[in-house]
Undergrad: 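Have a look at this one before I ask anything.
In listed order, ligands and their atoms are each counted from 1. None of these values were measured; they are calculated from a predicted model. Numbering of residues begins at 1 and proceeds along the displayed sequence.
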Amino acid sequence: MTTTKHRVTGSRTWLYVLLGLMILSGIGLSLATEHMVRQVARTFGAPLERDVPALERFAAFKSALLLHQAALGNYVSASIDLDGYDELERHTLEQMHVNEADVAAELATDDERAALRDGVQQVEDLGRTLRAALMRKPADRREVRSILAASNAATTGMLELADRGRFLIEDRLRIEGRTAMERNTVIARLVHVYIAFAMIGMLVMLYHVRARIRSEDALAYLATHDELTRLPHRWAFLERMQGLRTQDSHLLVFEIDRFERAAAGVGPAHADELVRTVAARAADVAQDARADLFRLGDSKFALVLGAAAEDTPEATAARLQARLGEAILAGQHELYLSASIGSSRLNRASLPLSLLEQAEAALHHARRQGATHVAYTRQLDDMARSHLALEADLRHAIERGELELYYQPQQRLADGGLVGFEALLRWFRDGAFISPADFVPLAEESGVIVEIGDWVLGAACRQAHAWNRDARAPVTVAVNISPRQFMQPRFLERLRHHLEKSGVRPDCIELEITEGMLMECGERSAALLADIRALGVRLSVDDFGTGYSSLAYLKRFPLDKLKIDQTFVRQLRADGGDAEIVKAVIALGHNLGFEVIAEGVESAQQAELLARWRCDEIQGYHYGKPMPATAARAFLAQRTADTAEALA
Ligand code: C2E
Ligand code: MG
Ligand code: MG
């Protein structure tokens with residue numbers, strides 16, 4: 001965790017450093033470019049402002065020189081008249097004077113500058129001398145020719161000087177051009193380097209941004225989806241519900257029956273597989289029905305049949321039951337699961353969220369009845385309300401003295417003697433009798449069973465102690481322990497407390513637990529059962545054969561007795577299917593070193609069969625119905641007397 005955090009902060013720091021570098025180098029580049037551009041402008045500015053005009057002036061100077069020389073020649077050959085010559089001379093000399101200083105300024109040495117100045121003066125003087133020579137009549141042709149030649153030579157000398165200056169300017173221009181080009185190249189290189197750097201930076205950013213987006217997407221997915229099954233989960237479901245407007249929308253909420261037990265049975269590794277299989281099958285059904293599937297809890301799912309749905313909720317529920325009921329292979333275990341389904345229908349008056357409440361209420365009822373589909377109706381609310389009232393009253397039943405223990409005797413088949421009694425709870429609510437089958441599950445659900453069970457344990461211990469004080473043979477009292485009570489952390493402590501306080505012999509107390517309890521809490525219950533056994537208290541498995549348990553667990557736990565459930569005993573005949581099961585359970589129990597007792601024995605024939613199959617004990621109306629403590633006391637006295645009589 002910390003290392004990941006470090007890694008994340010580390011990579012983030014690098015990212016910021018990179019960004020900072022990119023920004024800094026961007027600023028640096030822009031400053032450098034600005035600087036270079038200014039230098040280039042300066043390099044080019046000088047030639048533009050100075051050299052190009054200078055070259056123009058050189059050209060003008062040269063052309064004035066040439067024109068002047070041409071004018072002299074033309075005048076001598078009389079191609080132009082005096083006026084034309086004067087006009088040309090004035091103009092060319094003016095041009096020469098105008099540009100002379102500038103041309104001189106570009107020359108390399110003072111000597112050259114002096115030579116230029118002298119040259120211009122010489123040309124001007126020679127022009128004047130020639131004019132005077134031609135004015136003399138007749139003119140001396142030899143003199144004229146020599147003056148013309150001298151002027152020609154002076155002109156040529158000046159042209160050479162001017163060219164030398166022009167070359168200097170051109171050289172300068174070439175050097176300046178090259179420098180500017182070099183600077184341009186540097187700018188271009190800097191820009192390239194920066195672009196390459198920026199590209200790398202952007203690639204790194206891109207990578208990080210992509211990773212970020214991907215993790216954000218994953219988070220968004222996880223926020224609405226369940227990781228295990230990939231189904232949208234509760235949030236997404238509530239959102240869907242909010243958006244549910246269509247009349248005639250249906251909601252199906254279903255839950256796998258006794259899922260914890262099945263999951264514990266296959267082990268944690270396969271439990272996830274189990275959920276995935278359930279989800280996949282439900283998804284098939286949802287797809288066929290064009291419904292939306294959500295996972296609400298461990299093994300709880302919701303199907304929303306909206307406008308697009310193609311099936312009635314009843315048909316969908318039936319399909320779901322059938323599909324989930326198919327065998328599931330989890331590891332080496334072959335399982336058959338069932339689901340309880342509650343459904344509700346959106347009508348004009350109901351709000352989407354109350355739709356969920358209604359479906360949950362229906363599911364609750366379905367679960368009570370076991371693996372069925374219950375559609376929500378108003379009556380369910382009434383029932384729920386009466387359950388609530390019952391539950392509230394149950395909380396006060398102990399203090400009001402409305403609870404009482406009845407005792408049902410258990411008989412040893414070998415000699416017909418009394419083994420002991422099972423303590424069965426009775427509730428007289430305002431004088432009316434309420435069956436434990438009705439209120440024990442309710443008490444279990446609300447948790448009141450912990451308090452009630454504790455009361456039962458105390459009362460049973462006291463009663464067992466009282467009976468054993470004056471009985472010849474030890475009398476066991478069996479006490480039913482509910483799952484919630486068993487799982488409660490202080491259970492062992494309370495048991496020890498009741499044993500000590502009542503002073504009863506621990507081996508006269510037998511705790512009845514169910515297969516489900518053994519399966520559900522695995523290792524923890526193994527340790528707890530060992531502790532209970534260490535106290536000397538006996539352990540029996542109630543309703544044996546009704547839980548869908550693997551038999552392997554029987555070996556693991558320190559048990560004393562199996563109680564064959566009444567459903568196998570009720571219609572017991574010598575040759576029925578139940579007979580085979582009962583015989584098998586007796587054999588299994590004996591092989592594992594347990595005693596076996598059959599519950600719900602109502603007839604002598606049943607008792608006889610069980611005796612023949614070597615069942616150890618029986619309990620049922622045949623031997624005695626559950627009775628109040630006083631009657632049980634009388635029953636006990638009677639049997640003790642009978643035994644004494646038989647012995648005498
Ligand atoms: P159980 O522990 O399996 O108790 C046996 C049930 O079978 C009792 O029902 C008993 O009256 C009934 N029975 C006994 N012999 C016969 C017979 O021959 N024929 C028929 N048809 N029934 C017979 P009861 O007293 O209504 O108790 C029902 C269940 O309520 C019990 O089943 C037990 O699971 C639970 N229960 C009863 N007392 C307590 C208690 O103190 N604590 C807890 N946690 N559960 C209790
Ligand atoms: Mg029992
Ligand atoms: Mg039972």
Side-chain angles (χ1 to χ4, degrees), residues 368 394 397-398 402-411 419-428 433-464 476-488 491 494-495 498 509-517 538-547 559-572 578 582 585 596-607 609-610 615 617-629 631-632 635:
R368 280 246 176 96
L394 195 53
I398 300 177
E402 291 179 343
L403 296 183
E404 190 181 340
L405 282 186
Y406 271 41
Y407 296 91
Q408 185 174 32
Q410 299 174 330
Q411 185 182 31
V419 184
F421 297 89
E422 176 176 5
L424 292 162
L425 187 57
R426 297 292 176 260
W427 180 19
F428 298 95
F433 170 74
I434 300 175
S435 164
D438 288 333
F439 74 83
V440 167
L442 209 66
E444 173 77 27
E445 227 168 78
S446 62
V448 196
I449 196 71
V450 173
E451 202 183 325
I452 291 177
D454 192 62
W455 177 86
V456 171
L457 200 56
C461 284
R462 282 193 300 277
Q463 191 58 265
T476 14
V477 171
V479 184
N480 291 286
I481 304 297
S482 93
R484 196 111 171 216
Q485 187 187 1
F486 184 67
M487 241 108 80
Q488 181 246 355
F491 179 69
R494 293 303 297 165
L495 174 63
H498 290 306
I509 296 296
E510 184 173 283
L511 302 187
E512 291 192 6
I513 53 179
T514 59
E515 288 170 283
M517 286 155 70
R538 294 163 52 83
L539 289 167
S540 72
V541 183
D542 202 358
D543 305 338
F544 187 77
T546 53
L559 305 168
D560 295 281
K561 198 187 265 187
L562 299 185
K563 289 189 85 170
I564 303 178
D565 192 68
Q566 350 189 336
T567 47
F568 306 110
V569 179
R570 203 171 291 147
Q571 281 145 12
L572 197 62
D578 287 337
V582 168
V585 172
V596 180
I597 182 170
E599 283 190 273
V601 179
E602 293 186 355
S603 69
Q605 292 94 308
Q606 289 169 343
L609 282 174
L610 287 159
C615 185
E617 295 159 7
I618 55 166
Q619 177 187 337
Y621 296 167
H622 169 63
Y623 185 53
K625 289 196 169 180
M627 54 192 100
F635 190 94

Undergrad: Could you say whether the N/O atoms of Ser435 and ligand 1 ever approach to under 3.5 Å?
TA: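 There is no such contact.
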Undergrad: Please say whether Ile449 places an N or O atom under 3.5 Å from an N or O atom belonging to ligand 1.
TA: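 No; the residue has no nitrogen or oxygen that sits under 3.5 Å from a nitrogen or oxygen of the ligand.
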Undergrad: Does Asp543 bring an N, O or S atom to within less than 2.8 Å of the Mg ion (ligand 2)?
TA: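 No N, O or S atom of Asp543 is closer than 2.8 Å to the Mg ion (ligand 2), so no.
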Undergrad: Counting only heavy atoms, tell me which of Gln619, His622, Glu602 gets closest to atom 17 (C) of ligand 1.
TA: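 The option holding the nearest heavy atom is Glu602.
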Undergrad: Please write down residue, atom name and distance for the protein heavy atom closest to atom 4 (O) of ligand 1.
TA: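 Here the nearest protein heavy atom works out to Leu424 CD2, 3.6 Å.
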Undergrad: Which N, O or S atom name in Glu422 marks its closest approach to the Mg ion (ligand 2)?
TA: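 Considering only N, O and S atoms, Glu422 comes nearest to the Mg ion (ligand 2) through OE2.
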Undergrad: Relative to ligand 1, is Arg484 under 4.0 angstrom through side chain, backbone, both or neither, heavy atoms considered?
TA: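 Answer for Arg484: neither.
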Undergrad: Around atom 11 (O) of ligand 1, find the nearest protein heavy atom and jot down its residue, atom name and distance.
TA: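 Scanning the protein heavy atoms, the shortest distance from atom 11 (O) of ligand 1 goes to Pro626 CG, 3.4 Å.
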Undergrad: Identify the residue among Lys561, Lys563, Gln411 that makes a side-chain hydrogen bond (donor to acceptor under 3.5 Å, both in side chains) with Glu617.
TA: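 Option passing the side-chain hydrogen bond (donor to acceptor under 3.5 Å, both in side chains) with Glu617: Lys561.
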Undergrad: Is any N, O or S atom of Glu512 under 2.8 Å away from the Mg ion (ligand 3)?
TA: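 It does not; every qualifying atom lies at 2.8 Å or beyond.
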Undergrad: State whether any protein heavy atom lies less than 4.0 Å from atom 29 (C) of ligand 1.
TA: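 Flag for atom 29 (C) of ligand 1 set to false, no protein heavy atom closer than 4.0 Å.
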Undergrad: For atom 38 (N) of ligand 1, what's the nearest protein heavy-atom neighbour? Residue, atom name and distance, please.
TA: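 Atom 38 (N) of ligand 1 sits closest to the protein heavy atom Leu425 N, 3.1 Å.
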Undergrad: Classify the contact between Ile452 and ligand 1 as side chain, backbone, both or neither, using a heavy-atom distance cut-off of under 4.0 Å.
TA: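 Neither part.
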Undergrad: Does the protein put a heavy atom under 4.0 Å from atom 9 (O) of ligand 1?
TA: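 Within 4.0 Å of atom 9 (O) of ligand 1, no protein heavy atoms are found.
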Undergrad: Return the closest protein heavy atom for atom 15 (N) of ligand 1 as residue, atom name and distance.
TA: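 Its nearest protein heavy-atom neighbour is Gln408 NE2, 2.8 Å.
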Undergrad: Are any of the N/O atoms in Gln566 less than 3.5 Å from those in ligand 1?
TA: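 Between Gln566 and ligand 1 (N or O atoms, distance only) the closest approach is under 3.5 Å.
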Undergrad: Among Trp427, Tyr623, Tyr406, Tyr621, which one has a heavy atom closest to atom 18 (O) of ligand 1?
TA: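 It is Tyr621 whose heavy atom sits nearest to atom 18 (O) of ligand 1.
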Undergrad: Quick one: nearest non-hydrogen protein atom to atom 5 (C) of ligand 1, plus distance?
TA: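 Result: Glu599 OE2, 3.3 Å.
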Undergrad: With a 4.0 Å heavy-atom cut-off (strictly under), which part of Glu444 contacts ligand 1: side chain, backbone, both or neither?
TA: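 Neither part.
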Undergrad: Look at atom 26 (O) of ligand 1 and say which protein heavy atom is nearest, naming residue and atom and giving the distance to 0.1 Å.
TA: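 The protein heavy atom lying closest is Pro436 CG, 3.3 Å.
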Undergrad: Once rounded to 10°, what is the value of the angle centred on the Mg ion (ligand 2) between Asp542 OD2 and Asn480 OD1?
TA: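 Taking the Mg ion (ligand 2) as the apex, I get 90° for this pair.
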Undergrad: Calculate, to the nearest 0.5 Å, the distance between atoms CD1 and CD belonging to Ile597 and Gln410 respectively.
TA: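 Interatomic distance, Ile597 CD1 to Gln410 CD, rounded to 0.5 Å: 3.5 Å.
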Undergrad: I need the contact type for Val456 against ligand 1. Using non-hydrogen atoms and a strict under-4.0 Å cut-off, is it side chain, backbone, both or neither?
TA: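 Side chain only.
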Undergrad: Could you label the plane-to-plane angle of the Phe433 and Phe428 rings as parallel, tilted or perpendicular, counting under 30° as parallel and over 60° as perpendicular?
TA: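 Tilted: the ring planes of Phe433 and Phe428 meet at 30° to 60°.
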Undergrad: Could you name the option among Thr514, Asn480, Ile513 that has the heavy atom nearest to atom 43 (C) of ligand 1?
TA: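 The nearest heavy atom belongs to Asn480.
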Undergrad: With a 4.0 Å cut-off, strictly under, does atom 32 (O) of ligand 1 pick up any protein heavy atom?
TA: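 Flag for atom 32 (O) of ligand 1 set to false, no protein heavy atom closer than 4.0 Å.
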Undergrad: For ligand 1, does Asp543 get within less than 4.0 Å through its side chain, its backbone, both, or neither, judged by non-hydrogen atoms?
TA: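 The side chain, only.
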